[in-house]
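First up is the structure itself, then whatever we jot down about it.
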Amino acid sequence: MPHTVYTSAIIQAPLATVWPLFRDFNGLAGWHPGIAQSRLEADGRHDAIGSVRYLTLKPSGFVREQLLMLDDPGTALRYSIIETDLPMRDYIAGVTLRPVTEGGATLVEWWADFRVEDGADLQAAATAVGQGVFAAGLAALNEKLRG
């Protein structure tokens with residue numbers, strides 16, 4: 001059975017400012033502290049379903065991810081890991097953004113379903129995804145947009 005990790009945060013910027021940063025499938029390195037470099041493979045477009053990005057991780061490691069769904073009216077996207085040196089498999093993740101009624105902020109929900117390889121530590125993997133990827137990325141994005 002897959003394990004689910006879910007994180008949410010309020011980003012102190014309007015949806016119209018936050019959504020372009022997520023929908024740019026190659027833009028993660030511009031604001032996420034755990035990404036050293038991102039590049040699209042095979043002349044992929046940053047907003048094309050099926051595009052594959054190759055992420056070089058800090059301090060080491062890599063992830064190849066494929067964009068599965070991009071929904072501009074729903075401000076949501078889905079992607080999967082197709083190759084990594086991390087002990088995870090069957091990884092599917094998504095992000096949904098919603099405007100906050102008061103104050104012009106944005107609610108970001110980021111989740112992932114995955115399995116760990118035999119012998120791997122599920123709790124360590126869940127913490128790495130939930131804290132090291134999602135929470136760290138959302139905190140850094142909030143700081144970036146606050147200026």
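Values below: every heavy atom of this structure, side chains too, minus hydrogens, waters and symmetry copies.
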Looking at residues at least two apart in the chain, or sitting in another chain, which of them share a side-chain contact (heavy atoms from CB on, under 4.5 Å) with [X]?
X	value
Glu41	Arg39, Val52, Tyr54, Arg64
Ile10	Gln12, Val100, Ala105, Leu107
Ala139	none

Heavy-atom pair with the smallest gap, counting every atom of [X] and [Y]:
X	Y	result
Phe134	Val5	CE1-O, 4.0 Å
Leu138	Ala9	CD1-CB, 3.8 Å
Val129	Ala112	CG1-CB, 4.3 Å
Trp110	Val133	CZ3-O, 4.1 Å
Leu67	Tyr79	CA-CB, 4.3 Å
Pro33	Ala140	CD-CB, 3.5 Å

Is Tyr91 linked to Trp111 within one hydrophobic cluster, defined over Ile, Leu, Val, Met, Phe, Trp and Tyr using a side-chain heavy-atom separation of less than 4.5 Å?
-> no
Shared hydrophobic cluster for Val95 and Ile49 (ILVMFWY, side-chain gaps under 4.5 Å) = yes
Which is it for Phe62 and Thr56 under the side-chain contact (heavy atoms from CB on, under 4.5 Å) test, yes or no, and what are the steps along the way?
-> CA-CA 5 Å; Phe62 78 94; Thr56 304; 5.6 Å; no
Check: [Y] and [X] side chains under 4.5 Å, non-hydrogen atoms:
X	Y	result
Leu145	Ile11	yes
Arg78	Thr96	yes
Thr106	Arg98	no
Pro73	Asp71	yes

Quick check: does any side chain N or O of Gln66 sit under 3.5 Å from a backbone N or O of Ser80, one acting as donor and the other as acceptor?
-> no
Counting N and O atoms only, with roles assigned by atom type, does the side chain of Thr127 sit under 3.5 Å from a partner on the main chain of Gln123, one being a donor and the other an acceptor?
-> yes
Given side-chain contact (heavy atoms from CB on, under 4.5 Å), test Leu141 with Val18 step by step and report yes or no.
-> CA-CA 9 Å; Leu141 182 60; Val18 180; 4.2 Å; yes
When rounded to the nearest 0.5 angstrom, what is the spacing between [atom1] in [X] and [atom2] in [Y]?
X	Y	atom1	atom2	result
His46	Ser51	NE2	OG	9.0 Å
Phe25	Leu68	CZ	CG	7.5 Å
Glu117	Leu86	CD	CG	9.0 Å
Leu122	Arg115	CG	CZ	11.5 Å
Leu57	Ser38	CG	OG	10.5 Å
Leu55	Ile35	CG	CD1	4.5 Å

Quick check: are there more than 12 heavy atoms from other residues, nucleotides or ligands sitting under 6.0 Å from CG of Asp72?
-> yes
Test side-chain contact (heavy atoms from CB on, under 4.5 Å) on Ile92 and Ile81 and set out the steps.
-> CA-CA 7 Å; Ile92 303 286; Ile81 291 178; over 6 Å; no
Does the side-chain contact (heavy atoms from CB on, under 4.5 Å) test come out yes or no for Phe114 and His3, once each step is laid out?
-> CA-CA 5 Å; Phe114 61 91; His3 184 73; 4.0 Å; yes
